Amino acid sequence: VFLLVGGEPSVTSFIAPNAQGGGGDSTTVGEFLQAPTPVNMKAYKGCQSSGAGAKKSAVKSAAQATKFPVSCSGSISPSPTPGEDQLSFSCNQNIRAYAIYSNKPIDLPGDEPVVTGPNGGGLNESALDQCEGSIPGPGYGCGTVDRQAQTSALPNGNGISAGNLATQKMGFEQSPCKRAGQPKTKAWLVPMGEPTIGSTVGEFSGSPQQLAISGYGKCKGGKKKK
């Protein structure tokens, strides 16, 4: 079990003094979805199943979905650079932040994504998201460092516009190729955005969206990738 928390942290940076007397500390407001934090499950140690099996509830929530949960699709595939993998995804709503996590360790948190497409700021949406995560760890979180600059620079004021394609480099500790006797590598994208609900703007983290992992085939010799 993992916890992913989103928020709007203040980011303080230092600007070197200039001839006009400017410079010093500068504080901006970003928007971020943190890397997955493992939840301690030791309280359940020693528990045993009754064997009856839990029935899945067929009752759906009475609350009607607004513009979120957002729907995203994407994939992770081999990168031409050894030791790196390539993530690509697109969502049907504008998002400001996102996180990636996997059932296999990730040892290279994503770099700044390159965003392409005809919507919003297009290529201007690239290099606006910064990512961090434990190395190795279950995944990483990404978000906007300077929300004010982003809002003024983009037509819709969002990090990645709906329909645009975001591509970034990341890396698994071991290649996701198929290994005999081991579970398949799986990965999920968790998006965060600000949907318009009626005449107000909310803030929402979407449910995990599973990413396709393809192009790796069977492992050769079972060695760790270099």
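Owing to the predicted nature of the structure, the values given are computational and were not obtained by experimental measurement.
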Counting only heavy atoms from other residues, nucleotides and ligands, does the tally under 6.0 Å from NZ of Lys104 exceed 12? yes

Smallest separation among heavy atoms of [X] and [Y], with atom names:
X	Y	answer
Asn94	Ala162	OD1-N, 2.8 Å
Pro136	Pro105	CB-CB, 4.1 Å
Ser161	Gly120	OG-CA, 3.3 Å
Ala187	Ile213	N-CD1, 3.9 Å
Pro138	Phe2	CB-CE2, 3.4 Å
Leu33	Val190	CD2-O, 3.3 Å

Do [X] and [Y] come within less than 4.5 Å of each other through their side chains, counting heavy atoms only?
X	Y	result
Glu132	Pro109	no
Glu31	Glu203	yes
Thr185	Ser102	yes
Phe204	Pro191	no
Cys131	Asp111	no
Met170	Glu84	no

Hydrophobic clustering (ILVMFWY, side-chain heavy atoms < 4.5 Å, transitive) - are Ile76 and Leu108 grouped together? no

Shared hydrophobic cluster for Phe32 and Met192 (ILVMFWY, side-chain gaps under 4.5 Å): no

Among all residues two or more places apart in sequence or in another chain, which pass the ring pair (Phe, Tyr, Trp, His ring centres under 6.0 Å) test with Tyr140? none

Run the side chain to side chain contact (heavy atoms under 4.5 Å, CB included) test against Ser75 and tell me which residues pass, sequence neighbours left out. Ala212

For Ala166, what residues pass the side chain to side chain contact (heavy atoms under 4.5 Å, CB included) criterion, not counting sequence neighbours? Phe89, Pro113, Val115, Ile160

Say whether Glu112 and Gln168, considering side chains only, have a donor N or O and an acceptor N or O under 3.5 Å apart. no

Enter the distance from Cys72:SG to Gln209:CD here, rounded to the nearest 0.5 Å. 5.0 Å

For the atom pair CZ (Arg179) and NZ (Lys184), what is the distance rounded to the nearest 0.5 Å? 14.5 Å

Any side-chain to backbone donor/acceptor pair from Gln93 onto Cys91? Under 3.5 Å, distance only. no

Within the distance-only criterion (no hydrogens, no angle test), does the side chain of Gln34 pair as donor or acceptor with the backbone N or O of Cys142 below 3.5 angstrom? no

Tell me every residue that passes side chain to side chain donor-acceptor pair (under 3.5 Å) with Ser90, counting only those two or more places apart in sequence or in another chain. none

Which residues satisfy the side chain to side chain donor-acceptor pair (under 3.5 Å) test with Tyr216, sequence neighbours excluded? Asp85

Quick check on side chain to side chain contact (heavy atoms under 4.5 Å, CB included): which of Asn119, Ile95, Thr116 does Asn164 satisfy it with? Asn119

One pair to check against side-chain contact (heavy atoms from CB on, under 4.5 Å): Leu211 and Leu87. What are the steps and the verdict? CA-CA 9 Å; Leu211 299 165; Leu87 162 71; 3.6 Å; yes

Remaining members of Met41's ILVMFWY cluster at a side-chain heavy-atom cut-off under 4.5 Å? Val1, Leu3, Val5, Val39, Tyr44

